[in-house]
*Asks:* 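Supplied in structure tokens, the structure appears directly below.
This one's a predicted model, so the numbers in the text were calculated from it and none came from an experiment.
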Amino acid sequence: MILDLRTRAERLLPSGRRLPEAVWQRRHSAIVRLAAGCAVGLVVLAWAWGYGQPAAVAVLAAVAGPLALAVAPGLSRVVRAGATTCSLMAASVALVHLWGGVTEAHFVFFVMIGIVSLYQDWVPFGIAVVVVAAHHGVVGTLYPHAVFGHGGQGNPWMWAGVHAAFVLAASLAHLSSWRLHEDQVLSDPLTGLANRTLLEEVTHRLLARGGAVSLLLIDIDDFKVVNDGRGHAVGDELLLVLSERLRGCVRPGDVVARIGGDEFAVVVDGGPDVARAVAERALVAVSVPVPLDDGPLTVHCSVGVAASTDPTDRTAGALLRNADLAMYLAKAQGKNRLVVYADGMAEAARRRAGLAQDLAAAADAGQLEVHYQPTVRLADGRTTGFEALVRWNHPTRGLIPPVEFIPLAEETGAIAGIGSWVLREALRQGATWTAETGAPLRMAVNLSPRQFHDGSDVTALVVAALAETGFPADQLTLEVTEGVLVEDGDAVVAQLQSLRALGVRIAIDDFGTGFSGLSYLRHLPADIIKIDRSFVMDLPRGRSAVTLITSIVELAHTLGLDIVAEGVETEGQRQALADLDCGSAQGYLFARPEPADRAGAALAAGMPVRS
């Protein structure tokens with residue numbers, strides 16, 4: 001019965017958002033400081049007006065005493081706000097008594113009501129009303145001259161009710177103003193979904209009830225490509241469609257929010273199993289082609305899932321942080337998938353952040369070095385050139401695998417500086433080997449897609465490196481992946497054409513694994529195709545691998561392109577490639593990537609390095 005009456009009463013009260021924690025803390029700190037100032041000021045007044053030390057001590061205890069609870073960090077918001085309200089009400093009572101019941105002294109109650117309204121909570125107002133009614137009724141009856149400076153002395157309880165009614169009216173006005181006319185928008189203006197502020201509030205309320213709560217963080221893969229390729233209007237249209245699909249994936253009571261340009265979040269009232277089911281529906285819903293005016297568009301998403309299983313950190317911030325870590329891992333694992341947060345991911349993220357910071361200075365600190373893997377002509381087994389591959393010797397963590405730090409360099413932008421350094425080092429070494437052998441040795445250097453898309457002038461970079469090292473342009477091969485065409489393909493093709501005009505050869509690395517495939521080959525200014533190791537590994541018995549490589553070789557020959565096969569590890573693979581008329585190859589069968597001195601020693605001996 002009591003709970004039912006409470007629920008009905010709450011429905012009658014104006015409703016609004018709960019203050020974010022940071023905002024509440026700032027306001028609370030200011031109110032505590034004000035209450036402490038009131039305590040000091042009233043003590044000074046008591047002494048100045050001749051009330052003596054006992055009265056001053058009593059005022060100090062009444063006003064400053066509750067502040068001990070107000071500043072206790074382990075207590076809830078309600079308790080701390082109630083404590084400061086008691087302090088401010090005690091200050092109001094003290095002023096009325098020190099001023100001998102002067103009517104104007106009662107105005108301080110309304111001032112304090114305005115102050116406690118900053119909490120945007122009914123509890124402080126309830127305390128204020130109770131204090132006013134009790135003080136004016138009880139104390140007004142016992143000491144009427146100390147409370148009332150007018151005819152109210154004859155009927156103190158009536159006037160207590162009048163004062164309490166005015167306080168209640170002021171409370172309602174203030175709280176309604178804060179809650180109904182707040183300037184914080186709680187919905188996303190484009191999609192109409194909840195925004196981040198409302199998401200955090202809903203999550204907090206669900207966590208406060210107890211039980212399992214989960215959060216999904218959904219990021220649209222390669223959304224920037226849509227904006228750059230089709231324009232922001234199409235990007236907005238796509239977001240509207242996807243937001244409606246995500247609404248259809250959740251259950252009643254779950255909340256979908258847009259918290260960034262292409263980031264969505266879902267608060268799920270349930271554990272990880274329920275959240276995983278919602279995430280799987282979201283993956284499927286997002287991947288359905290979206291019909292647009294300029295043609296259908298297919299996108300995918302990466303989803304991170306976190307659940308409130310940690311009893312020590314049941315906060316909205318912790319759920320968001322953990323879901324973000326899981327989503328980031330889903331991106332790193334290839335996108336278009338979901339990952340559920342597990343212990344250890346936070347440590348992995350800290351390690352990754354530390355590596356990113358160290359990587360920025362690795363080249364200047366002399367921690368990077370270039371290793372060289374030979375390219376071998378299958379017809380006679382001779383080394384015709386080398387591919388330059390960067391390695392990182394971390395001062396405390398040892399050798400960091402390229403698969404770990406190269407993607408990190410791509411994400412942070414450090415790849416531009418690293419790529420420039422590798423190019424100069426490789427060309428310098430190539431010039432030395434060419435002079436020592438008297439043969440035109442080729443040098444292959446990888447270029448990152450980031451170097452093309454960050455506004456860098458790749459042609460100017462290559463021209464400067466060639467001039468600095470004296471390495472002939474026609475002995476340089478620059479390797480790019482099909483991914484360079486993902487953003488601003490026309491500009492990239494123009495840069496590749498200008499490089500070819502210098503005499504530099506262009507190789508398409510990891511051919512067949514990118515988004516473009518064979519259909520884009522005729523648009524690329526290329527000289528060499530590098531067959532990815534994933535196709536080579538099934539040789540010689542894999543029928544589909546033989547068929548595919550045969551098709552690539554025939555296509556390359558038709559277009560006048562050379563071919564290099566990567567990842568050759570067995571004699572059977574080498575023989576199969578030779579039989580398929582593949583011109584050159586790289587792989588552990590011939591040599592592992594080695595530092596310059598060891599690779600050069602093998603070159604001088606007239607044979608490839610063997611491991």
*Asks:* Minimum heavy-atom separation for Gln367 to His394, with atom names?
*Replies:* OE1-CA, 4.4 Å
*Asks:* Count the heavy atoms of every other residue, nucleotide or ligand shown that sit under 6.0 Å from CZ of Arg500, and state whether that count exceeds 12.
*Replies:* yes
*Asks:* Any idea which heavy atoms bring Ala545 and Asp538 closest together, and the distance?
*Replies:* CB-CB, 3.7 Å
*Asks:* How about Gln357: does its CD atom have over 12 heavy atoms from other parts shown lying under 6.0 Å from it?
*Replies:* no
*Asks:* Do Arg377 and Thr383 come close enough that some side-chain heavy atom pair is under 4.5 Å?
*Replies:* no
*Asks:* Enter the distance from Thr384:OG1 to Asp562:CG here, rounded to the nearest 0.5 Å.
*Replies:* 9.5 Å
*Asks:* Between atom CG of Leu242 and atom CZ of Phe264, what is the distance when rounded to the nearest 0.5 Å?
*Replies:* 6.0 Å
*Asks:* Any idea which heavy atoms bring Ser287 and His300 closest together, and the distance?
*Replies:* CB-ND1, 3.5 Å
*Asks:* Please answer whether the main-chain N or O of Trp421 pairs with a side-chain N or O of Glu425 as donor and acceptor at a distance below 3.5 Å.
*Replies:* no
*Asks:* Pairing donors with acceptors under 3.5 angstrom, does anything connect the side chains of Ser420 and Arg424?
*Replies:* yes
*Asks:* Determine whether a donor-acceptor pair (N or O, by modelled atom type, separation under 3.5 Å) exists between the side chain of Arg533 and the backbone of Glu566.
*Replies:* no
*Asks:* Can you check salt bridge (Lys or Arg N to Asp or Glu O under 4.0 Å) on Lys530 and Glu387, steps first, answer last?
*Replies:* CA-CA 12 Å; Lys530 299 193 72 174; Glu387 180 180 0; 3.1 Å; yes
*Asks:* Show your working on side chain to side chain contact (heavy atoms under 4.5 Å, CB included) between Val268 and Val213 and close with a plain yes or no.
*Replies:* CA-CA 6 Å; Val268 176; Val213 179; over 6 Å; no
*Asks:* Can you tell me how far CD1 of Ile506 sits from CD1 of Ile529, rounded to the nearest 0.5 angstrom?
*Replies:* 13.5 Å
*Asks:* For the residue pair Lys331 and Ser302, what are the closest heavy atoms and their distance?
*Replies:* CD-OG, 3.6 Å
*Asks:* Closest approach of Arg574 and Leu589, non-hydrogen atoms and distance?
*Replies:* CB-CD2, 3.7 Å
*Asks:* Output yes when a side-chain donor or acceptor of Gln451 lies under 3.5 Å from a complementary backbone atom of Ser448, and no otherwise.
*Replies:* yes
*Asks:* Got a salt bridge between Asp222 and Lys335, using NZ or NE/NH1/NH2 to carboxylate O under 4.0 Å?
*Replies:* yes
*Asks:* If the threshold is 4.0 Å, N to carboxylate O, is there a salt bridge linking Arg505 and Glu479?
*Replies:* no
*Asks:* For the residue pair Trp433 and Phe471, is the inter-centroid distance of their aromatic rings smaller than 6.0 Å?
*Replies:* no
*Asks:* Look at the side chain of Asp532 and the backbone N and O of Phe535, then say whether any donor-acceptor pair between them is shorter than 3.5 Å.
*Replies:* no
*Asks:* Report the distance from atom CD of Gln586 to atom OG1 of Thr375, rounding to the nearest 0.5 Å.
*Replies:* 3.5 Å
*Asks:* Considering all heavy atoms of both residues, which atom of Ala473 and which atom of Leu502 are nearest to each other, and what is their separation?
*Replies:* CB-O, 3.4 Å
*Asks:* How about Glu369 and His371: does a side-chain donor come under 3.5 Å of a side-chain acceptor?
*Replies:* yes
*Asks:* Donor-acceptor check, side chain of Asp221 to backbone of Asn336, threshold 3.5 angstrom: yes or no?
*Replies:* yes
*Asks:* Here's a test for you: under side chain to side chain contact (heavy atoms under 4.5 Å, CB included), which of Leu466, Asn446, Val458, Leu478 qualifies with Leu423?
*Replies:* Leu478
*Asks:* Rounded to the nearest 0.5 Å, what separation is found between the CG atom of Asp219 and the CG atom of Asp262?
*Replies:* 4.5 Å
*Asks:* Donor-acceptor check, side chain of Arg258 to backbone of Asp188, threshold 3.5 angstrom: yes or no?
*Replies:* no
*Asks:* What's the separation between atom CD in Glu263 and atom CG in Leu239, rounded to the nearest 0.5 Å?
*Replies:* 12.0 Å
